[in-house]
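I have placed the structure first, in the form of C-alpha cells, so that the comments after it can refer back to it.
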Amino acid sequence: MNTQRVLTGITTSGTPHLGNYVGAIRPAVAASRAAGVESFYFLADYHALIKIDEPARIQRSTLEIAATWIAAGLDPERVTFYRQSDVPEIPELTWLLTCVTGKGLLNRAHAYKASVDKNTAAQQDPDADVTAGLFMYPVLMAADILMFNAHKVPVGRDQIQHIEMARDMAASFNHRYGEHFVLPEAAIEESVATLPGLDGRKMSKSYDNTIPLFATPAQLKKLIAGIKTDSRAPGEPKDTEGSALFQIYQAFATPAETANLRQAYADGIAWSEAKQILFERIDHEIAPMRETYEALLRNPDRLEDLLLAGAAKARRIASPFTAKLRHAVGLRDLRSTDAPVKAKAEKSTEPVFKQYRERDGKFYFKQVDAQGQVLLQSVGFDSPKDAAMAIAKLRG
Ligand code: TRP
C-alpha cells in the first residue's frame with residue numbers, strides 16, 4: 001500500500017470555532033487535496049456522548065460540523081466523509097482493542113488524569129463523576145484510527161498522547177495476533193501551534209473564550225473587539241510576543257501580511273485599528289464559506305444523504321477488515337480449520353537469577369532452576385547495581 005492514509009475526527013459536541021478551523025479542519029481539507037493521499041474525515045458522535053447528554057445538542061452539533069467541513073471545501077467524492085455512529089464496526093473494534101490495552105495505560109491519559117487530580121484536590125473520591133466512557137475515550141479513538149489503518153492523523157497538540165496510545169494498542173494487537181494494524185502518527189501543523197482565544201489562553205470550548213467560525217460579521221466584529229490586549233495607548237510600540245490578536249492574525253495571514261502587522265505593532269498601531277485589520281482578514285477568508293454553510297443548514301437532507309453515502313464507503317473497508325480481525329482473535333466460524341491452536345510457548349527450563357533485598361538492607365541474588373531449586377546464593381551487596389553487575393559477570 002503506497003498511498004498515505006490520513007484520518008481525523010471532530011467531536012460533535014459544540015459549534016465549530018476558529019481554533020477548530022485553523023487547527024484541524026483547514027489543514028485537513030488542504031491535505032485531502034494532495035496527490036497520493038486517501039483521506040478519512042468523520043464526525044465523532046460517539047465521543048460526543050462522553051461529554052454531552054442532551055440529544056438535541058448532539059444532533060445540532062453534528063449538523064453544524066458536517067456543514068462546516070463541506071463549506072470548508074471538503075470534497076465528499078474525493079474523501080471518505082462519515083459519521084462515526086454509522087459504522088458499527090468501530091465500537092466492535094473498540095472492544096477488541098480494549099482487551100489488549102493495559103488499564104494502566106488508560107490511567108495515564110491526560111483527560112482522565114485531569115479529572116482525577118481535580119477530584120483529589122477537592123478531597124473527593126478520585127473517580128467522582130468520571131464515567132467509564134471518559135476512561136475508555138482513548139480506546140474508541142484508537143479504533144477510529146486503526147479501523148482504516150491511517151498513517152497520519154492531523155490533530156491538535158492536546159491529542160498527541162491519544163495517537164501514541166493508539167500506536168501502543170496497535171502494537172500490542174499486532175504482537176498477539178499478527179501484523180494487522182499500521183502504527184499511526186500524529187501530524188501537527190507546526191506553523192499554527194494552538195490558536196489563542198479571547199482571553200489569550202488556548203481557544204477552547206471549555207474556557208468559553210471561542211470565536212464561532214460562522215459568527216455573523218457583526219458578531220465576529222464584536223468578539224474580536226473583546227480580545228484581551230494590554231493597556232498600551234495608540235502610538236506606543238506593542239509587543240507581538242504573547243499578543244493573542246497577533247497570533248490569531250498570523251493563523252490567517254500570509255507571511256508578508258504578518259510582517260506588516262509586526263511592523264505596525266512596532267510603530268504603535270492602536271489596538272482598535274489592529275482589531276479592524278484582524279476582522280477584515282478573517283472575514284475575507286470566512287465569508288464565502290459562510291454562505292455555503294448557511295445553505296447547508298437550511299437543507300439537512302443533502303447532508304444526511306451525503307453522510308450515509310460516506311458511511312457506506314467507509315464500511316466497504318471496515319466490514320471486511322473487521323471480519324479478518326474477528327477471525328484473527330478467534331471469533332470464528334466453528335467449521336473453519338485454518339490456523340490451528342498454537343502450543344503455548346514452553347515455559348523456560350533455564351535457570352534464572354532473582355534479585356531481592358534482605359532485612360539487613362543489603363541486596364542479594366540467587367539463581368533458581370525451573371523447579372524453584374536454589375542453585376546459587378550470592379553474598380550481600382551494597383546496591384542493586386552491584387548485585388546486577390555480579391549477575392552480568394556470571395552470565396559472561
Ligand atoms: N478526540 C478528538 C478531539 O477531541 C476527536 C477524535 C475522535 C479524533 N476520534 C478521532 C481525532 C480519531 C483524530 C482521530 O479532537
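Numbering of ligands and ligand atoms starts at 1, following listing order. Values in this document were obtained by computation on a predicted structure and should not be read as measured data.
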Exercise. Identify which of F148, F42, Y46 has a heavy atom lying nearest to atom 10 (C) of ligand 1.
Key: F42
Quiz item: Is the NZ or CZ atom of R201 both under 6.0 Å from the centre of the six-membered ring of Y207 and within 45° of that ring's axis?
Solution: yes
Quiz item: Run the side chain to side chain donor-acceptor pair (under 3.5 Å) check on E185 and H151 step by step: do they pass?
Solution: CA-CA 6 Å; E185 272 173 41; H151 303 89; over 6 Å; no
Quiz item: Which protein non-hydrogen atom lies closest to atom 9 (N) of ligand 1, naming both residue and atom, and how far is it?
Solution: D144 OD2, 2.7 Å
Quiz item: By number and element, which atoms of ligand 1 are closer than 4.0 Å to a non-hydrogen atom of T11?
Solution: 3 (C), 4 (O), 5 (C)
Self-check item: Side-chain donor-acceptor pair present, S206, S204, cut-off under 3.5 Å
Solution: yes
Self-check item: R108 and E164 ion-paired at < 4.0 Å
Solution: no
Practice problem: Quick one: look up the protein heavy atom nearest atom 2 (C) of ligand 1 and list residue, atom name and how far away it is. | Solution: Q159 OE1, 3.4 Å
Practice problem: Enumerate the atoms of ligand 1 whose separation from the nearest heavy atom of A44 is less than 4.0 angstrom. | Solution: 7 (C)
Practice problem: Could you list the atoms of ligand 1 found under 4.0 angstrom from a heavy atom of I145? | Solution: 12 (C), 14 (C)
Practice problem: For E241 and Y265, test the side chains for any donor-to-acceptor distance below 3.5 angstrom and give the result as yes or no. | Solution: no
Quiz item: Nearest to atom 1 (N) of ligand 1, what protein heavy atom do you find, and at what distance?
Solution: Y137 OH, 2.6 Å
Quiz item: Which atoms from ligand 1 have a heavy atom of T8 less than 4.0 Å away?
Solution: 11 (C), 13 (C)
Exercise. Considering the heavy atoms of V153, write down every atom of ligand 1 situated less than 4.0 Å from one of them.
Key: 13 (C), 14 (C)
Exercise. Could you tell me whether R290 and D283 have a side-chain N and a carboxylate O separated by less than 4.0 Å?
Key: yes
Quiz item: Is it the side chain, the backbone, both or neither of L140 that has a heavy atom closer than 4.0 Å to ligand 1?
Solution: neither
Quiz prompt | From the candidates A28, A150, G9, the one that places a heavy atom nearest atom 6 (C) of ligand 1 | solution = G9
Quiz item: Knowing that exactly one of L49, T94, T98 qualifies, which makes a side chain to side chain contact (heavy atoms under 4.5 Å, CB included) with L140?
Solution: T94
Quiz item: At under 4.0 Å between heavy atoms, which part of V155 makes contact with ligand 1: side chain, backbone, both or neither?
Solution: side chain
Quiz prompt | Ring-ring centroid check F148 Y82, cutoff 6.0 Å | solution = yes
